[in-house]
Structures are given as C-alpha cells and as structure tokens.
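Beneath this line is the structure, given in structure tokens, with notes to follow.
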Amino acid sequence: MPASPASQRAIRGTVLVADDDPVMRLLMLEMLQQVGLEGIEAQDGREAVAVAAERRPDLILMDVEMPHLDGFSACRAIRRAEGPGASVPIVMVTGGDDIEAVTSAYEAGATDFISKPINWPILGHRVLYVLRASDAIARLRIADAQNRAVLAAIPDTFFRMNRDGFYLDYEPGRGRMNGGLQGRTRPGRRDAAMDEAVPFTSERCVGRHITEVLPKEIAARVMTQLGEVLSTEQVRSVEYELVRFGETQHFEARLVATGPSEVLGLVRDISERKRTEEQIRRLAYCDSLTGIPNRQAFLETLERELQRSKVGNKKFAVLFMDLDAFKRINDTLGHNVGDHLLKIVSERLRETIRPSDLVSRSEALPGDGLHGDVLHGDAAPEHSPATNLARLGGDEFTILIPDLERVEHALNVAHRVKEAMRRPFLIEGHEIFVTASIGISLFPEDGDDCNSLLKYADTAMYHAKNCGKNNAKLYSSSLTMQIMSHVKLEVGLRKALQNNELYLLYQPQLDVRSSEIVGVEALVRWRHPERGVISPTEFIPLAEETGLIVPIGEWVLRTACNQARLWQGLPRRPVRMAVNLSAKQFKDENLSQIVLSALDETGLDPKLLELELTEGTLMDDAIATLATLERLRGIGVYLSIDDFGTGYSSMNYLKRFDVRALKIDRSFISGLPQDSENAAITRAIIAMAHGLKMAVVAEGVETGEQLLLLEQYGCDMVQGYFLGHPSSADAMTLMLGPLHLALPDIK
Ligand code: C2E
Ligand code: MG
Ligand code: MG
C-alpha cells in the first residue's frame with residue numbers, strides 16, 4: 001500500500017541494525033538513510049540487547065545467526081527487558097525460505113521477518129511500512145487503554161448489543177449495585193417484576209437476548225429505542241425501574257450507535273437522583289409552614305382542571321379566601337402566633353373541604369384529605385382535597401371546587417369556610433377570633449384561563465371585604481342577581497304545591513286513521529302569584545335540581561289520574577292519560593308504589609295511564625332501568641318514550657326496554673315538509689318503530705301539510721297545535737264530548 005506523503009513525513013525514527021556481517025550492516029544503513037531513517041549498529045546479539053536498552057530504537061532489524069547471542073535469543077532478551085506496554089517492532093532477517101526460522105522468530109517475539117536474499121531497493125520502504133503499522137497499533141492500544149480507563153472510572157455498567165437485542169459484551173459497573181440492562185432477577189422468573197437479586201455478570205448476559213435478562217415491558221422499550229438509535233444515529237435513553245428486595249431502583253440506559261447494527265449502552269443507577277427530584281418537587285410544591293400545596297401547585301392543579309373541564313364541558317369554581325385583620329394579629333401577638341394561626345386555619349380548611357363535603361358528585365374521592373400525599377407526580381389523585389386547597393402566601397388561601405353543578409354549591413362551600421373560621425382559635429393562651437372574606441370566580445362564566453380566574457376571585461374577595469368583611473362574593477354580579485332570582489323561585493316553588501298554584505292542562509292526541517282523540521297529555525303549569533303563569537320548561541329543571549320534582553310529579557300523577565277517571569265515565573271511547581315522568585321520579589324507588597296508589601285511589605284502569613319517559617332517563621343506568629320498567633309493565637301501564645330523537649338511544653336498547661310508543665320530538669316535525677333531512681329521519685324513525693312493534697306519535701304538528709305527510713309516512717298518532725292546544729280540563733271535556741266540537745276534520 002503506497003504511503004501518503006503525510007504519513008511518510010510523519011515517520012522519523014532510529015533503526016538498530018544487528019548483524020555480524022559488516023557489509024550487510026553497511027548496505028542496510030545505506031538503504032535506511034535513503035528513506036530518511038537513522039541507523040545504528042550492533043555486531044552481535046549481545047551488543048544488540050545492550051544498544052536496544054540504551055538507545056531505545058524505533059525498530060530493530062535482527063539477523064538470526066550471530067556470534068555470542070543469536071538473533072532469537074537477543075529478541076527474547078529485548079522483549080523481557082521491555083517495560084509493560086512497550087513493544088519495539090523487531091524484524092528478523094532469516095535465511096532463505098527457512099519456515100522453521102520464521103516460526104521461531106514469531107515465538108521469540110518478533111514482529112515481522114525479511115528473508116534473504118534481501119531485496120535491497122524495497123528494504124527501506126518495508127521498514128517504513130512496519131514502523132507505520134506499529135505506530136498505528138501503538139495508538140490503538142493507547143486509545144483502547146484510555147477507553148477502558150474511562151469505562152472503569154465511570155460508575156456505569158456498559159454493554160454492547162446487536163440490532164436483534166443480543167448482548168455482545170457486558171461489563172458491570174464497578175463498586176456499586178449492578179442493576180441494568182443489567183438488572184437482577186430471580187432465577188427462572190426473569191419475566192416477572194424483578195424482586196430477588198442475582199447480580200448480572202458478563203457470563204449471564206453475553207450471548208443472551210434482552211428479554212431473557214430484563215422484564216418484557218422494559219426490554220420492549222429498550223428495543224424500540226435501540227431501533228431509533230440505529231436509524232437516527234442519535235443518542236437515546238430509557239428510564240426504568242426494577243424492584244429489588246421490595247425497594248424500587250431507578251436506572252437510566254443511554255444507547256449510542258457504534259456501528260450499523262450495534263449499540264453501546266451505558267446503564268446508570270439514578271435512584272438517588274430520583275429521590276432528590278422527588279424531594280425538590282415536594283419542596284417546590286408545598287407550603288413549608290402549613291404543609292398544604294403552594295401557589296405553584298395550585299396553578300398546576302387549576303390548569304389541569306381547566307383542561308379537564310373544557311373537554312368534559314364541566315364547571316368549576318375558584319374560592320379565594322383572605323383572613324380579615326390578620327395583620328393586626330401578627331402585629332399585636334407576634335409572628336409565632338400568626339404562624340400558628342395559619343396552620344390551624346389550613347387544618348380547618350382541609351376539614352371543610354373533605355371530599356364528601358366538597359363535591360356534589362355522589363362517588364367519594366380518593367385520599368382522606370389529611371394524610372394525602374401532597375403531590376405525587378402523576379400518581380396524585382386528580383381531585384385529592386390536598387391539591388384542591390392551597391396557601392398562596394400570607395393569609396391567602398384558595399380552594400378549587402371541581403364539577404360544579406350549581407353555583408349555589410360554591411356559595412355553600414364559602415359559607416362552610418366562614419363557619420369553620422368562626423370557632424375561636426386557642427393559641428398560646430390567647431383566644432383569637434377571626435373572620436374571612438371570600439371571593440369566587442367561575443369557569444366558564446368568568447374566564448377561561450387560570451390567571452384570570454385567580455385574579456377575578458381575588459377581585460371578588462376585595463369586593464367582599466368592602467362589603468363589610470366576613471362575606472363571600474361572586475365575581476360576576478349579574479350572576480349574583482341570577483342566583484338571587486333562582487333562589488327566590490326555588491323558595492316559591494316549595495310553596496307552590498301547598499298554595500295550590502300548580503294546575504294541569506291537557507293536550508289531545510289523535511289517531512291518524514280514525515281522526516279520533518285517543519289520548520291526552522297532561523302538562524303542568526305554575527300560576528306564580530307575582531309573575532303570572534310560568535312554563536314548565538323554566539320550573540321543571542329547577543324542581544329536578546332541588547328534588548321538588550318528586551312531590552310535584554306525584555301531585556301531577558294523582559291529579560291526571562283523577563281527571564282521566566272522570567273521562568273514563570264519558571259515553572265515548574275512553575282516552576289514555578299521558579303523564580310526563582322526570583328522571584328523578586323514575587329513579588325514586590317508591591315510583592311503582594306511587595303509581596299503584598294513584599290508580600287505586602282514583603280507580604283508573606291502568607291501561608289508560610301512559611307514562612312518558614325520555615331517552616336520557618332510560619339510558620342512565622340500564623340495569624336499574626330494566627327492573628323499574630318491568631315493575632311498571634307489571635302494573636299494566638302504557639309506556640312511551642318522549643322527545644325521541646334528541647337523546648342517544650341505540651336501537652338495541654330500545655328493543656330491550658320494550659316500550660309501547662315513541663313520540664318523535666317536535667324539532668323533527670317543525671321543519672316539515674320542507675326540511676328533507678328531517679323528513680327522512682322522521683320516516684326512518686317510523687319504519688324502525690314499526691319494526692319493533694311500537695306505535696309512533698308525532699309531536700308539535702302545527703299544519704295540515706305536516707299532518708298529511710305524517711299520514712303518508714304511516715305515523716299512528718299526532719299531537720300539536722293544529723289538533724289542539726294544551727287546554728283546561730273543562731275545555732277538554734267539551735272536546736271529548738260526542739260532538740267532537742272543536743276538532744278540525746283531519747281527513
Ligand atoms: P313535552 O312532554 O314534550 O310536552 C310537549 C310540549 O310541546 C308542551 O310544552 C306542549 O305545550 C308543546 N307543544 C304541543 N304542541 C305543540 C306545537 O304544535 N307546537 C309547539 N311549538 N309546541 C307544542 P309545555 O307544556 O311547555 O311543556 C314542556 C315540557 O315540560 C314537556 O315537554 C315536558 O317535558 C315538561 N313537562 C310538562 N309537564 C310536566 C310534568 O307534569 N312533569 C314533568 N316531569 N315534566 C313536565
Ligand atoms: Mg311529554
Ligand atoms: Mg315531547
């Protein structure tokens with residue numbers, strides 16, 4: 001291989017020529033000089049050994065046959081004298097093709113050989129080549145020694161692995177636990193979470209596949225990264241944990257490509273770092289005085305809640321509490337007392353927002369609020385009370401109320417907080433009385449980012465202070481008004497029943513084929529003493545929220561049954577009485593009792609009572625629903641689904657519920673006949689219901705055209721302004737008379 005000028009230039013050196021023949025020596029020295037090398041001489045083996053020791057040549061050309069000491073012995077002697085790591089290249093000059101001599105030369109420690117007769121023109125180049133090769137080897141040896149030293153010096157375990165996941169090499173880290181791609185495992189149970197410790201050694205790993213060494217899940221992650229490393233040539237790392245003797249240890253494996261199909265891995269025990277990180281997290285997220293979360297933690301909880309609520313379409317409230325006159329306590333009784341007070345305040349707040357109190361949802365929340373891990377990374381229960389409460393600083397505390405169903409609920413919490421502060425605080429013999437001012441902001445009404453919500457709650461808190469302290473205020477004053485009127489309405493509704501302010505109207509349902517009234521729907525109204533008649537669309541939701549729907553519904557049922565019983569006695573064919581049932585009533589376990597007793601007391605034929613349920617009611621809890629439906633069917637009442645099409649019933653469910661009729665919601669009917677999409681839906685619903693042997697009622701029929709279309713579609717019954725508005729019992733009695741007075745001719 002021709003040497004590049006650069007490497008030729010790089011080779012300078014001294015060559016010892018050991019030969020007893022002076023002519024040979026002279027010729028050799030001459031040839032060496034021609035390629036820029038310096039030559040020194042020795043006349044025999046012994047002299048060669050001495051000169052080598054003294055002059056430390058870069059290469060030795062050694063004749064085999066020499067007096068005193070032959071070339072082989074001299075070679076061995078030089079090798080013995082060399083220090084560790086050093087190895088001067090020794091080229092033996094052997095006679096002819098003396099194979100034995102060649103073998104002996106290598107055995108004696110020679111680097112290469114040249115056989116006589118010597119090809120003089122190339123001797124110098126040959127020597128240069130050997131020098132260069134030995135130089136390269138020396139450098140490699142140094143690099144290798146350095147690498148080994150580095151690897152020995154760092155605490156990591158290292159391994160080499162091929163692209164298929166087999167260990168090619170494995171060197172456990174020194175002086176510490178040996179746990180990594182690597183790991184320790186229980187013999188015969190490599191797959192399970194590693195528990196017992198058998199140290200991993202080169203013998204255990206080399207030649208094995210990673211899945212034999214590490215748990216499958218970790219092995220899979222390493223293999224994924226290994227693929228990445230090989231395709232991108234970038235360093236990748238995998239963090240994983242192994243359980244040893246019941247203790248979790250954390251490791252980080254860094255992978256780097258060392259060839260097209262091979263990686264080098266460095267595995268480090270990072271347990272200590274993890275512990276420190278956790279500690280820092282705790283410190284960073286925890287208020288050191290009270291032990292509850294600090295501002296940072298609260299902001300992060302708030303952010304999470306914000307995202308959750310946006311996705312889930314939920315509401316939440318932020319309460320901002322500030323003690324009134326805390327500064328005075330601090331100034332007059334000292335900071336110790338002040339600090340102590342803050343601690344007790346935070347304890348009382350914790351008590352106040354215990355999960356069962358805080359959240360209106362029925363299921364209990366994880367964490368007991370007292371010993372909950374303050375922040376535990378991702379493992380923290382999303383709504384542990386510990387994270388819902390925070391101290392922002394000074395005497396300012398915040399509370400997050402998730403899943404808010406009604407604004408009143410936030411006010412209730414605020415009220416409880418105020419109550420909790422009312423009990424005197426006994427500190428160092430002082431009986432201290434404090435009050436708190438509270439501001440509340442709401443998501444989404446008041447804002448849709450954390451900072452605004454916190455700021456608005458703060459603003460509301462100042463407003464509360466201005467209104468005479470010991471107060472709670474909502475940020476939005478219009479909301480306050482809204483709630484006031486809501487609360488007023490609620491108070492009124494509670495009295496409406498006993499004051500006889502409720503009454504029923506009845507709307508006829510006609511059979512499309514016979515044009516006869518086959519049923520009526522009872523629709524409740526509230527004659528409010530100040531506001532006049534209030535629609536059920538306004539007060540039924542309120543009645544549902546407050547639970548008043550149960551007594552109201554029962555009143556409706558009895559009144560309607562009573563009316564139906566009266567009509568049952570008319571000479572024309574009897575009509576069915578349809579009564580709307582709200583979800584809360586449906587869930588009431590006394591429902592079937594109430595229905596039975598209404599029928600009993602009035603003497604109405606159960607067949608003439610229709611109960612209208614909505615899809616939402618039915619879908620809520622399928623198992624309980626089936627049982628309730630079964631009981632109602634047992635009584636013999638007629639069941640129908642109201643407002644059909646607005647909910648989310650699947651046909652499968654409908655089949656199981658086995659109801660008698662569907663009432664197509666009026667939103668589908670109102671656009672007919674122009675709205676072709678709704679026309680198609682209506683037609684499909686009718687066909688589907690007939691397939692399930694259900695009758696179909698179209699609601700909200702307002703025109704003759706709609707009626708004609710519905711008749712074409714095969715709809716069984718119709719209800720709507722075109723056929724009759726909801727009317728009083730008296731008016732209805734007239735309509736049900738033998739003359740059909742007020743009815744249009746629908747055919
Ligand atoms: P719903 O059960 O779907 O009752 C039909 C509603 O449509 C009634 O409104 C009725 O007046 C109205 N309506 C009837 N025909 C037409 C029409 O051609 N065009 C239009 N635009 N509307 C028509 P109302 O009486 O205001 O009742 C509203 C809802 O309140 C009812 O819807 C029902 O869900 C609920 N509701 C009424 N009374 C009671 C009750 O006693 N108990 C319960 N739980 N809910 C009731
Ligand atoms: Mg209805
Ligand atoms: Mg309806």
Side-chain angles (χ1 to χ4, degrees), residues 493 496-497 501-510 517 519-527 532-564 576-588 591 594-595 598 609-618 638-647 659-672 696-707 709-710 715 717-729 731-732 743-744 746:
L493 189 59
L497 256 184
E501 289 165 11
L502 299 182
Y503 64 97
L504 296 183
L505 293 182
Y506 303 92
Q507 187 177 31
Q509 289 177 355
L510 271 77
I517 298 181
V520 295
E521 177 174 5
L523 295 161
V524 69
R525 297 287 181 269
W526 176 12
R527 189 179 292 108
V533 177
I534 299 181
S535 151
T537 49
E538 184 175 347
F539 71 86
I540 290 286
L542 181 65
E544 282 175 345
E545 272 178 39
T546 54
L548 282 171
I549 191 67
V550 175
I552 290 177
E554 187 171 345
W555 176 86
V556 170
L557 184 71
R558 281 177 203 283
T559 311
C561 285
N562 204 31
Q563 185 59 59
R576 206 165 35 229
M577 173 63 75
V579 174
N580 292 286
L581 218 55
S582 94
K584 273 246 167 63
Q585 286 174 278
F586 189 73
K587 283 204 191 108
D588 183 3
L591 176 66
I594 292 170
V595 171
L609 177 61
E610 170 176 348
L611 296 178
E612 294 189 2
L613 306 158
T614 63
E615 291 169 90
T617 304
L618 292 175
Y638 185 102
L639 297 171
S640 60
I641 298 183
D642 201 1
D643 305 341
F644 186 79
T646 56
V659 294
R660 299 281 299 277
L662 288 188
K663 299 185 71 177
I664 303 180
D665 190 67
R666 68 162 189 272
S667 57
F668 295 103
I669 309 297
S670 65
L672 299 186
V696 181
V697 186
E699 296 192 275
V701 179
E702 292 181 349
T703 67
E705 271 181 307
Q706 291 171 345
L707 181 62
L709 196 67
L710 287 163
C715 184
M717 282 165 276
V718 281
Q719 179 182 345
Y721 295 162
F722 184 67
L723 309 144
H725 283 258
S727 324
S728 69
M732 201 61 220
L743 288 175
I746 69 169

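Order of listing sets the numbers, starting from 1, for every ligand and every atom in it.
Counting heavy atoms only, Val524 comes closest to atom 40 (C) of ligand 1 of the residues Asp642, Leu505, Val524, Leu523. Comparing Ser582, Gly724, Pro536 against atom 36 (N) of ligand 1, the shortest heavy-atom distance belongs to Pro536.
Between OD1 of Asn580 and OD2 of Asp642, the angle at the Mg ion (ligand 2) works out to 80°, rounded to 10 degrees.
Taking 4.5 Å as the limit, every side-chain heavy atom of Asn580 sits out of range of all side-chain heavy atoms of Ile540. Counting only heavy atoms from C-beta outward, the side chains of Phe539 and Leu548 never approach each other to under 4.5 Å. No side-chain heavy atom of Leu510 sits less than 4.5 Å from a side-chain heavy atom of Phe722. A 4.5 Å side-chain heavy-atom check between Met732 and Pro508 finds at least one atom pair inside the cut-off. Between Ile641 and Glu615 the shortest side-chain heavy-atom distance falls below 4.5 Å.
If you number the atoms of ligand 1 from 1 as listed, the ones under 4.0 Å from a heavy atom of Glu612 come out as 2 (O). Taking every non-hydrogen atom of Gly720 and a distance limit under 4.0 Å, the qualifying atoms of ligand 1 come out as 15 (N), 18 (O). Atom numbering of ligand 1 starts at 1 in the shown order; those under 4.0 Å from a heavy atom of Pro726 are 11 (O). Applying the 4.0 Å criterion to heavy atoms of Val556 picks out, from ligand 1, the atoms 41 (O). Set against the non-hydrogen atoms of Arg525, the atoms of ligand 1 under 4.0 Å away are 11 (O), 24 (P), 25 (O). Those atoms of ligand 1 with a heavy atom of Glu702 less than 4.0 angstrom away are 17 (C), 18 (O), 19 (N), 20 (C), 21 (N).
Glu610 has a carboxylate O that lies under 4.0 Å from a charged side-chain N of Arg576, or vice versa, which qualifies the two as a salt bridge.
Among the atoms of Glu699, no N, O or S atom falls under 2.8 Å of the Mg ion (ligand 2).
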| message | Using the rule given for side-chain contact (heavy atoms from CB on, under 4.5 Å), can you reason through Leu672 versus Glu705, listing the C-alpha separation, both sets of side-chain angles and the distance that settles it, and then say yes or no? | response | CA-CA 8 Å; Leu672 299 186; Glu705 271 181 307; over 6 Å; no
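At least one heavy atom of Glu521 sits less than 4.0 Å from an atom of ligand 1. Remark: distances from the non-hydrogen atoms of Gln507 to ligand 1 include one below 4.0 Å.
No hydrogens or angles considered: nothing links the side chains of Gln507 and Glu521 as a donor-acceptor pair under 3.5 Å.
Residue-to-ligand polar distances place Arg666 within reach of ligand 1: an N/O pair is separated by less than 3.5 Å. Taking distance alone, with nitrogen or oxygen atoms compared against 3.5 Å, Thr537 stays at or beyond that limit from ligand 1. Any N or O atom pair closer than 3.5 Å counts here, and Glu699 shares at least one such pair with ligand 1.
As for Glu612, its N/O/S atom nearest the Mg ion (ligand 2) is the one called OE1. The N, O or S atom of Glu521 lying closest to the Mg ion (ligand 2) is OE2.
Nearest heavy atoms, Ala698 versus Val701: O-CG2, 3.8 Å. Here the closest heavy-atom approach between residue Ala564 and residue Met577 is recorded as CB-CB, 3.6 Å.
Contacts between Val701 and ligand 1, counted as non-hydrogen atom pairs separated by less than 4.0 Å, involve the backbone only.
Of the possible polar contacts, none joining the Glu538 side chain to the Ser535 backbone as a donor-acceptor pair under 3.5 Å is found.
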